[in-house]
Amino acid sequence: DAMVIQNPRYQVTQFGKPVTLSCSQTLNHNVMYWYQQKSSQAPKLLFHYYDKDFNNEADTPDNFQSRRPNTSFCFLDIRSPGLGDAAMYLCATRDRGERVLDEQFFGPGTRLTVL
Amino acid sequence: SQKIEQNSEALNIQEGKTATLTCNYTNYSPAYLQWYRQDPGRGPVFLLLIRENEKEKRKERLKVTFDTTLKQSLFHITASQPADSATYLCALGGSYIPTFGRGTSLIVHP
């Protein structure tokens, strides 16, 4: 089945130790998003890619970076995680090609714990 | 600034009743509004989309209304079941980047 996959599902890191979260999709969608969601809060957009065009939200901390080496894969790098970065990180895709779909397809998320 | 409000208190209802969830917004003129379901520890799943020129949309037991004058959307689940228990998020957008609300938790009791 076509889907959005996130690895790992659970990630534990130490304060200040770099961590990379990965997302892959088999939907061939040209838009990919990274969201941060804390408990009982709205998903907060960190970045999105429209094809290879990278878009950084104005309030995304410099500590967060992203890479999209090809259509299928996207990575979220947290250079020096702080306790406040503990959250669920959600990857999503959307098709903005010839056949425009109205919905975002989300992965299952990666739960990040910072010790 | 743009604001999306969803009731932070959980909605508790009895199985078989109709659940109604509310999404209010201010300082925004969205072209569309979406509703998603999110289960604990999982990513949101798309349910319905309604556009600014539509008043109502239905899908099986789900119904969404959109009142751009009141700046409000209502999400109804008829004949609710315990399996409908989840958090329901609304999202508003004008392009391919929607803004999400924090969601309302629905608990359906058997």
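Naming convention: chains lettered A, B, ... in sequence-line order (proteins, then strands); numbering from 1 in each chain.
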**Report entry** Option in A/M88, A/K44, A/Q37 with maximal non-hydrogen atom pairs under 4.5 Å from chain B
**Finding:** A/Q37

Query - Top of A/R111, A/R9, A/Q6 for chain B proximity - count of heavy-atom pairs under 4.5 angstrom - result: A/R9

Query - More than 12 heavy atoms from other groups under 6.0 Å of NZ on B/K17 - result: no

Requested in this report: State, with a plain yes or no, whether a side-chain heavy atom of B/C90 is found less than 4.5 Å away from one of B/Y25.
Outcome: no

Query raised in the report: Considering only heavy atoms from C-beta outward, does the side chain of A/V4 approach that of A/S24 to under 4.5 Å?
Result: no

Report summary line: Heaviest contributor of heavy-atom pairs below 4.5 Å to chain A, chosen from B/L48, B/I97, B/L89, is B/I97

**Report entry** Residue selection (most heavy-atom pairs with chain A, distance under 4.5 Å) from B/P98, B/A91, B/S8, B/S105
**Finding:** B/P98

Requested in this report: Identify which part of B/Q6 has an atom lying under 4.5 Å from any heavy atom of chain A, answering side chain, backbone, both or neither.
Outcome: neither

Requested in this report: Return yes when the gap between the SG atoms of A/C91 and A/C23 is under 2.5 Å; return no otherwise.
Outcome: yes

Query raised in the report: Does a side-chain N-to-carboxylate-O contact under 4.0 Å join A/R79 and A/D77?
Result: no

Query raised in the report: Contact part of A/Q104 toward chain B, heavy-atom cut-off under 4.5 Å: side chain, backbone, both or neither?
Result: both

